[in-house]
Amino acid sequence: MSKKNANFAADLVAGIDPGAQAPAARRPGIGASVLAGRESRLAELATGSVVSRTHELVDPARCRMWAGHNREYALLNEERCADLIESIKAQGKQEMPAIVRRVKDDPAFDFEVICGARRHWTISWLRAHNYPDFRFLVDIRSLTDEEAFRLADLENRARDDLTDLERARDYLRALDAYYEGRQKVMAERINVTESWLSRYLDLARLPAELMAAFALPQDLRIKHVTAIKPLLKPEDRRQRVFAEAGRLAQVQSDRAAPMPVPDIIRALALAADPPKRSGSPKKSGKPETIVSEGGKPLLKVEAVDRKGLKLTLLPHAGGTRAEAEAALKALLDQHWS
DNA sequence: CTATTTGCAAGCAGGTAATG
DNA sequence: CATTACCTGCTTGCAAATAG
């Protein structure tokens, strides 16, 4: 994952859609500068301005996290910040400034951190561990909430810090908070395709009754939504799936072992379409070899699922072509309906 | 009509089997 | 053992389908 995300980050910074595959669409020349000043460049692109910069060294205790900050500050620890701790110790200072804005509504704080929770945590930690003189290097901006959101999002996407679900929920919140519920506008603003955004929002919109089935919701990814969402379509299936979700929640709370996401989805899909067909004795994924009347293998059915079936033709096993054609035709009749 | 969702195939990465 | 060929699953944007 890490390698792919590195490319992803580069694309982002270069101002290209995250999934842009077309090499022709790449803007030449920008890539190199990415390595130079990644974060400040991120900032410029996000706000569209390179205006006045105010870098200052401040007391981290006078900074709070921005309310819209989607990173779980409480989850930060020495291990997750180890790289930063080392780097700052080695450099003797904080290399990249965090991005903050002034706060006026709370006498306990002067700033709130838009980007740089880890840096804030690290400086605070160092001050408490033999480096009381370190101060928090910040870049003070005046940003609207929406600008702050885009900036934070850009950074989070580049660093791949959040789970799909966290990001999805963040987007759903932002959609109403900053974009009046307009996906198209939001997609344009944060530089992603509408379909990409649509899929993320789908994840955040999965009903709570359904989410209950997942002991570890953070393992739920975008790719799973495609499989889950159709299960909620007709009302009766929806109800069956909810019921099964409740059962699964129960099962997993009883015994302490959480089920893997794919297993849960399989169970839900099964509940959605209960006994299924009657005359199809296909047990499970066992390959089934179809033989001729004379006992010669003709073709082997490797797998059958709702997407289709996979088979291997066996032209060298002794059966005749006519027999194979007949067997194939029978299969087609059976599965094509 | 516009906005959103969804089916689909291309491109990619990582894994596994085949080859030397 | 090291390379190479092959396979599989994943992500993504496009465009068609559908919702509103």
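Basis for what follows: all heavy atoms, side chains included, without hydrogens, waters or symmetry-related copies. Nothing here was measured: the structure is a model prediction, and the numbers come from that model. Lettering of chains follows the sequences in order, A, B, ..., and the numbering in each one begins at 1.
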Novice: Round to the nearest Å and state the distance from A:Arg221 atom CZ to C:dT11 atom C1'.
Specialist: 10 Å
Novice: So that I can tick it off, tell me whether A:Arg141 and A:Asp139 are bridged by a salt bridge, with the cut-off set at under 4.0 angstrom between side-chain N and carboxylate O.
Specialist: yes
Novice: Of all residues at least two apart in sequence or in a different chain, which pass the side chain to side chain donor-acceptor pair (under 3.5 Å) check with A:Glu180?
Specialist: none
Novice: Are more than 12 heavy atoms, taken from residues, nucleotides or ligands other than A:Arg169, located less than 6.0 Å from that residue's CZ atom?
Specialist: no
Novice: A:Met186 has an atom CE; how far is it from atom C1' of B:dT2, in whole Å?
Specialist: 19 Å
Novice: Quickly work out the A:Lys223 NZ to C:dG13 P distance and round it to whole Å.
Specialist: 18 Å
Novice: Taking salt bridge (charged side-chain N to carboxylate O under 4.0 Å, His left out) as the definition, give me every residue that meets it alongside A:Asp219, ordered by chain and number, with sequence neighbours left out.
Specialist: none
Novice: Just jot down the side chain to side chain contact (heavy atoms under 4.5 Å, CB included) partners of A:Ala212, sequence neighbours excluded, or say none.
Specialist: A:Ala249
Novice: I'd like to check the ring-ring contact (aromatic ring centres under 6.0 Å, His included) partners of A:Tyr179; sequence neighbours left out, ordered by chain and number.
Specialist: none
Novice: Under a 4.0 Å threshold between the charged nitrogen and the carboxylate oxygen, would A:Glu188 count as salt-bridged to A:Lys184?
Specialist: no
Novice: Produce the list of close N/O pairs, under 3.5 Å, pairing protein atoms with atoms of nucleotides 3-7 of chain B; give distances to one decimal.
Specialist:
| residue | atom | partner | partner atom | Å |
| --- | --- | --- | --- | --- |
| B:dA3 | OP2 | A:Lys184 | NZ | 3.2 |
| B:dT4 | OP1 | A:Gln183 | N | 3.1 |
| B:dT4 | OP2 | A:Lys184 | N | 2.8 |
| B:dT5 | OP1 | A:Arg205 | NH1 | 3.4 |
| B:dT5 | OP2 | A:Gln183 | OE1 | 3.2 |
| B:dT5 | OP2 | A:Gln183 | NE2 | 2.7 |
| B:dT5 | OP2 | A:Ser198 | OG | 2.8 |
| B:dT6 | OP2 | A:Lys229 | NZ | 2.5 |
| B:dG7 | O6 | A:Arg199 | NH2 | 2.9 |

Novice: Is the shortest heavy-atom distance from the side chain of A:Ile114 to the side chain of A:Glu147 under 4.5 Å?
Specialist: no
Novice: Hey, what bend do you get for the helix from B:dC1-C:dG20 to B:dG20-C:dC1 if you fit axes on five pairs at each end, rounded to 10°?
Specialist: 10°
